[in-house]
2 protein chains.
Amino acid sequence: MMRHKVTVDGNTAAAHVAYAFSDVAAIYPITPSSNMGEMADEWAAAGKLNMWGQTVSVTELQSEAGAAGAVHGALVSGALTTTFTASQGLLLMIPNMYKIAGELLPTVFHVSARALATHALSIYGDHSDVMSTRHTGFAILASASVQETMDLSLVAHLATLKAKVPFLHFFDGFRTSHEVQKVSEISFAEMRALIDIRAVRDFRDRAQNPEFPRQRGTAQNPDIYFQGREASNKYYLAVPAIVDAAMQQVGELTGRHYQPFDYVGAPDARQVIVIMGSGAETVEETVNYLNARGEKLGVVKVRLYRPFSAQHCLQVVPKTVTHLAVLDRTKEPGSLGEPLYQDICTVYSELGITKTIVGGRFGLGLKEFTPSMVKAVFDNLRHENPKNHFTVGINDDVTFTSLTVAENIDTTPADMYRCKFFGLGADGTVGANKNSIKIIGDHTDLYAQGYFVYDSKKSGGITVSHLRFGKSPIKSPYLVDEADFIACHNPSFVGRYDLLAGIKPSGTFLLNSPWTLSEMDTKLPATMRRTIAAKGLKFYNLDAFKIAREVGQGSRINTIMQVAFSHLSAVMDSQAAIALIKEAIQKTYGEKGEAVVQQNFAAVERALSALEEIHYPESWRTAPDEAISAEREVPPFISNVLRPMTALHGDELPVSALSDDGVFPLGTSQYEKRGIAVEIPVWNADPCI
Amino acid sequence: MMRHKVTVDGNTAAAHVAYAFSDVAAIYPITPSSNMGEMADEWAAAGKLNMWGQTVSVTELQSEAGAAGAVHGALVSGALTTTFTASQGLLLMIPNMYKIAGELLPTVFHVSARALATHALSIYGDHSDVMSTRHTGFAILASASVQETMDLSLVAHLATLKAKVPFLHFFDGFRTSHEVQKVSEISFAEMRALIDIRAVRDFRDRAQNPEFPRQRGTAQNPDIYFQGREASNKYYLAVPAIVDAAMQQVGELTGRHYQPFDYVGAPDARQVIVIMGSGAETVEETVNYLNARGEKLGVVKVRLYRPFSAQHCLQVVPKTVTHLAVLDRTKEPGSLGEPLYQDICTVYSELGITKTIVGGRFGLGLKEFTPSMVKAVFDNLRHENPKNHFTVGINDDVTFTSLTVAENIDTTPADMYRCKFFGLGADGTVGANKNSIKIIGDHTDLYAQGYFVYDSKKSGGITVSHLRFGKSPIKSPYLVDEADFIACHNPSFVGRYDLLAGIKPSGTFLLNSPWTLSEMDTKLPATMRRTIAAKGLKFYNLDAFKIAREVGQGSRINTIMQVAFSHLSAVMDSQAAIALIKEAIQKTYGEKGEAVVQQNFAAVERALSALEEIHYPESWRTAPDEAISAEREVPPFISNVLRPMTALHGDELPVSALSDDGVFPLGTSQYEKRGIAVEIPVWNADPCI
């Protein structure tokens with residue numbers, strides 16, 4: 001069955017489904033969930049109809065506490081209601097979540113899961129926020145990719161109506177919420193056809209209504225509170241089967257089949273990893289890679305985390321399994337182990353079966369989680385006494401929890417085309433890349449993925465875009481490590497960042513610079529020149545700032561660089577791509593008048609003609625290192641911590657480099673001169689009088 | 001060593017220690033924690049000095065969220081700070097708790113643990129609120145009695161300073177927070193002597209200070225957040241030993257010894273219960289009772305719940321144990337099992353040892369938890385396949401989770417004197433009983449316990465005071481079931497409540513009524529007369545309202561009934577007790593002038609002379625039941641649910657009697673005419689013109 005494909009991020013996928021189902025959305029934006037509420041608001045303002053033929057009533061409250069209270073109130077009045085949040089925002093909703101669950105009110109909270117502020121704040125993804133609500137009585141459903149976010153959003157909305165138990169549906173903040181993928185869209189009409197309309201009617205009938213007044217929110221004394229608290233047991237017992245049935249409905253519709261727990265791997269695996277969220281995709285990709293090389297490994301992907309159905313879990317775990325590594329993307333200091341780990345321990349404790357079960361933490365605050373780390377987890381399971389309560393992805397040189405990642409593996413399918421683009425915040429690089437993905441996604445059979453790394457300085461900081469294109473769905477929710485194509489959109493990055501790290505032999509390097517070949521001999525550091533030559537890179541240069549200036553676009557180089565990428569990359573036919581870029585220009589700028597359109601068309605043509613292949617000399621292969629200029633002495637924190645961070649090597653800092661309590665020294669910006677200006681004023685003495 | 005004894009409730013015990021240690025308290029009162037903050041506020045207003053020789057700066061914020069923020073701010077500025085809260089109040093503190101823990105700021109939050117509002121609100125104790133914070137990084141310490149609340153408050157304050165990890169110290173709301181017990185007090189000077197003053201200095205040195213500026217609360221990106229999150233591991237690893245050492249210090253000072261986990265019972269027990277909070281006292285009493293009758297049982301009392309030290313836990317559990325029942329006073333719908341249960345499963349999973357471990361819920365919303373229920377839990381453990389995920393204390397006739405309590409046992413030591421008093425809210429009964437406990441506690445070697453049951457109507461509702469007096473510390477945190485003495489302070493209760501339930505043969509029944517013996521033949525229901533006669537009760541009557549009126553005290557019968565109790569009960573010498581009551585009157589009313597004092601003295605004398613033993617006839621033994629008057633038909637909810645509740649039989653309602661989602665019908669008050677007025681207007685036609 002051919003289905004409508006769209007190239008969207010996880011937030012859009014969730015908001016699409018949530019909008020379809022909702023009468024009301026009570027919102028308060030918080031990163032990385034903001035877009036969901038904002039999109040719902042925009043759609044409502046534009047008069048978009050939900051599946052019931054009405055626009056959604058979207059209201060922004062004064063905080064997430066207010067949003068949760070409004071959700072509670074709207075539900076009690078019989079309106080199908082949703083909200084979107086993350087992190088501290090979700091924490092503020094906890095009191096109302098207990099009430100909503102206690103009163104058996106169906107709703108879905110869509111959460112782009114995010115770390116909590118502890119020693120420091122982090123706007124990035126992990127499951128600490130979701131795990132802080134696991135006792136509220138909400139069902140919890142986890143999506144691992146943009147496509148799953150679309151599909152399981154639908155499962156959540158279908159299931160909550162039948163089950164009466166409210167759902168928290170989550171996916172990893174930024175990693176999934178902001179990852180752009182080409183996915184199959186489910187239309188409102190298709191969703192509408194799956195709904196059990198009796199469940200909707202039952203919900204509306206339970207609303208507070210002056211015609212049939214009933215009392216809620218009573219105070220109960222010790223005589224009856226406990227009994228009342230147990231009266232909802234049967235609803236929770238029913239949830240796993242209801243979710244399973246909704247997954248079957250969605251599977252029949254889409255051809256994409258899910259279960260409360262899914263297993264991928266060898267049917268006779270001895271070692272498996274149990275995991276939830278986007279990390280499950282990485283493990284799946286790695287398991288497939290390693291099994292293709294003779295291993296017998298597996299992964300249990302947890303989708304329905306609450307209610308936790310031991311039965312559904314055990315159904316999918318092969319009987320042959322002897323060793324389980326349970327990975328949690330959260331940390332609960334002082335606990336015996338993280339929650340998913342303790343759940344799996346409990347499952348086997350109740351069976352009366354002894355397995356070797358170890359637990360580990362990964363990906364906190366969106367720390368990278370790569371196939372090489374997955375392999376380290378499997379390697380650990382092979383030890384006689386595997387390390388328990390480990391971390392993976394960092395170097396813990398203080399309490400020695402971390403696993404050593406001994407081997408770097410590249411699990412990417414051979415036909416995948418991978419690209420990295422270094423841009424400056426607000427220079428249009430990210431937008432241009434999103435546009436490229438959309439063009440390629442919409443006009444080819446290729447799957448496309450885009451993920452965009454910002455530093456915390458936002459406008460004016462560095463952005464690195466990570467793009468993948470391939471013939472099969474892309475299960476690589478981690479940064480591009482080995483790249484076919486790398487572009488540097490700003491010459492000031494040269495010598496500052498390790499731009500060519502991971503570029504494949506014979507790969508393509510595109511530079512925006514005003515330099516001639518001979519200038520490059522001094523402008524490009526020796527290590528860079530050696531890499532270019534040794535790897536035999538195809539090296540192209542373009543003075544995009546000059547073109548932008550000349551066609552009257554100031555410093556907006558996005559179109560120019562996009563054209564160069566489209567021309568150089570092998571992802572789709574260059575001419576067709578350029579034509580589509582022009583089409584997009586017409587669409588975007590048409591209403592601003594023909595002059596602006598022509599200006600952009602000129603940029604396209606100029607980019608194509610100015611793009612120059614650099615025929616670098618063989619001598620670059622042995623370019624001698626520059627003399628290291630002496631630098632004034634800096635405090636140890638600057639040399640040991642801040643400098644590696646600003647050079648994008650913060651991931652390599654060991655635990656001992658960080659303070660125990662999150663305290664940072666002051667006055668560090670004096671050491672952080674970034675020197676990223678493309679044009680700098682120079683004193684011209686001549687006109688002085 | 002003779003120590004100063006005081007008769008106080010749990011809140012007072014905690015506030016006493018917290019006040020000693022604190023520079024600052026940021027408060028927001030919420031039942032049942034309010035008194036702690038209010039006492040601190042009163043003490044500060046009265047100029048009471050903490051152990052540092054200063055009054056505590058007590059500030060009430062706009063909510064618990066604000067209180068937690070103020071605590072965080074005060075701690076960062078180097079002030080030793082505490083707060084007091086419960087239930088939803090604690091939930092509002094969660095975001096700041098993550099921050100306080102992440103920044104390694106020592107503090108103690110004293111929590112009178114309370115149920116959360118779910119299907120209904122409950123102001124009563126269970127551990128749902130505390131369990132909702134177990135992932136914040138706070139250490140969690142549990143006290144099971146008023147004495148432990150005093151002792152472990154001290155442990156918490158000592159340990160947090162050394163550990164830098166913040167502590168949540170809790171005890172059961174109402175059951176411990178409002179239970180009055182005679183306990184041994186620890187003076188400020190004694191506490192001060194135990195402090196590691198270097199730890200205090202270290203804390204103050206870490207404060208934000210313009211002389212040594214440092215940055216906190218930074219935003220961290222994926223490069224370093226995870227490493228920073230692991231940097232505090234070593235502090236958590238150190239906590240159990242620090243708590244153990246503080247417990248040893250307190251043990252040496254007081255002679256009362258604690259460990260992170262304490263075990264009581266047979267050294268070769270096969271069945272044990274693992275439990276936390278006041279329920280541990282009930283289990284201990286029951287284990288001692290059953291072991292004295294040949295059983296080999298034990299109880300593991302969890303004190304340091306977070307960080308959870310498997311090592312300390314396993315140290316105390318006998319190696320002979322094969323079956324464990326883990327009791328949680330919380331409910332997490334959708335979980336595999338409640339948190340303490342899952343922790344114990346994990347402990348044995350990590351050991352690679354298979355034990356039979358079952359988990360159960362008890363005491364939600366302060367449902368009674370009695371020795372008979374404890375026996376049912378042990379009985380369950382003896383089954384081939386013991387029930388798991390059970391409830392105990394209710395009748396779950398819907399999902400059949402509940403254990404049958406097959407046998408009623410009375411585990412109370414033989415020398416214990418037990419009393420129940422039925423009063424009307426605001427009639428002074430509770431206050432008089434507190435006074436009696438204080439007099440007996442302060443002037444005898446006896447231990448004393450008072451617990452006061454209010455219905456939710458507060459003023460104007462029924463109050464039942466449960467008092468125990470005995471030669472050994474009282475480990476009975478449950479209502480008085482078998483009573484030596486029962487008093488009914490309001491004649492309107494006769495026929496309405498089962499006043500004599502549980503009275504022991506030859507026990508004493510004291511009634512406040514205007515009735516003569518012959519009137520009693522009609523005023524006392526037949527069942528009551530039969531019980532009085534069959535059990536050979538000593539039955540006394542007193543027209544307290546008449547005396548109160550006559551001496552000019554309106555309807556304040558508290559002193560009168562207290563005098564009667566003191567005279568009739570065998571707890572202390574009657575004459576001495578009366579003298580002490582008079583002393584208390586002098587003290588309380590002295591400054592209101594001699595007339596008021598004499599009025600009260602008159603009430604005392606009149607009470608003594610008016611107290612009359614009722615020499616009831618033998619015929620009461622066979623009093624025939626009254627004819628049942630036909631009543632207009634009432635809705636099933638009224639007859640099946642409301643009527644049992646108002647007759648104080650709500651505990652017996654099965655789960656099926658309550659709605660699934662907490663919804664109640666309206667218009668129920670029309671069926672709830674309580675008829676408790678002592679004087680009612682009667683129409684006098686004569687003066688009409």
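Lettering follows sequence order; numbering is per chain, from 1.
- No salt bridge links A:Asp660 with B:Lys164; every basic N to acidic carboxylate O contact stays at or beyond 4.0 Å.
- Counting heavy-atom pairs closer than 4.5 Å to chain A, the top-ranked of the candidates B:Ser132, B:Ser659, B:Ser122, B:Ala310 is B:Ser132.
- At least one side-chain heavy atom of A:His389 sits less than 4.5 Å from a side-chain heavy atom of B:Glu350.
- Of the listed residues B:Pro213, B:Ser232, B:Gly125, B:Pro665, the one with more heavy-atom pairs under 4.5 angstrom with chain A than any other is B:Pro213.
- Between B:Gly334 and A:Tyr236 the shortest heavy-atom distance is N-CD2, 4.0 Å.
- Between chain B and the residues A:Leu121, A:Val453, A:Ile94, the most heavy-atom pairs under 4.5 angstrom are made by A:Leu121.
- No hydrogens or angles considered: a donor-acceptor pair under 3.5 Å links the side chains of A:Thr354 and B:Thr354.
- Using a 4.0 Å cut-off between charged side-chain N and carboxylate O, A:Glu230 and B:Lys331 make a salt bridge.
- Heavy atoms only, all atoms of each residue included: B:Thr346 and A:Cys345 are closest at OG1-CB, 3.9 Å.
- With contacts defined as side-chain heavy-atom distances shorter than 4.5 Å, the pair B:Arg214/A:Leu666 does not qualify.
- The part of A:Asp126 that comes within reach of chain B is its side chain, from C-beta onward, which places non-hydrogen atoms under 4.5 angstrom from that chain.
- Top candidate by heavy-atom pairs under 4.5 Å with chain A, chosen from B:Gly662, B:Ala65, B:Ala117, B:Pro654, is B:Ala117.
- Take B:Asp328 and apply the side chain to side chain donor-acceptor pair (under 3.5 Å) test, not counting sequence neighbours, and it matches no residue.
- No side-chain donor-acceptor contact under 3.5 Å links A:Gln227 to the backbone of B:Asp396.
- For a residue to count as touching a neighbouring chain, one of its non-hydrogen atoms must lie under 4.5 Å from one of that chain's; by this rule A:Leu648 does not touch chain B.
- When all heavy atoms are compared, the tightest approach of B:Thr118 to A:Glu103 is O-CG, 4.1 Å.
- The shortest non-hydrogen separation linking B:Ile357 to A:Ser349 is CD1-OG, 4.1 Å.
- Interface remark: A:Val165 contributes no atoms to any contact with chain B (heavy atom separation under 4.5 Å).
- With B:His119 as reference, A:Tyr225 is the one residue of A:Phe226, A:Tyr235, A:Tyr225 to meet the ring-ring contact (aromatic ring centres under 6.0 Å, His included) rule.
- Two residues are said to be in side-chain contact when any heavy atoms from C-beta on lie closer than 4.5 Å; B:Asn233 and A:Thr401 meet this criterion.
- Nearest approach of A:Pro95 to B:Leu92, heavy atoms of both residues: CG-CD2, 4.2 Å.
- There is no contact between B:Met97 and chain A, counting heavy-atom distances below 4.5 Å.
- A 4.5 Å side-chain heavy-atom check between A:Ile224 and B:Met645 finds at least one atom pair inside the cut-off.
- Shortest non-hydrogen contact noted between B:Ala231 and A:Leu658 is CB-O, 4.3 Å.
- The existence of a salt bridge linking B:Asp223 and A:Lys367 is excluded, since no basic side-chain nitrogen approaches an acidic carboxylate oxygen closer than 4.0 Å.
- Using a 4.5 Å heavy-atom threshold, the side chains of A:Val663 and B:Gln215 count as separate.
- Contacts with chain A (heavy atom to heavy atom, under 4.5 Å) involve these residues of residues 337-344 of chain B, listed by number: B:Tyr341, B:Gln342, B:Asp343.
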For B:His135 and A:His135, run side chain to side chain contact (heavy atoms under 4.5 Å, CB included): C-alpha distance rounded to whole Å, both residues' side-chain angles, the deciding distance at 0.1 Å, then the answer.
CA-CA 11 Å; B:His135 29 64; A:His135 28 64; 2.7 Å; yes

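- Residues B:Arg134 and A:Ser335 form no side-chain contact, since every pair of their non-hydrogen atoms from C-beta on lies 4.5 Å or further apart.
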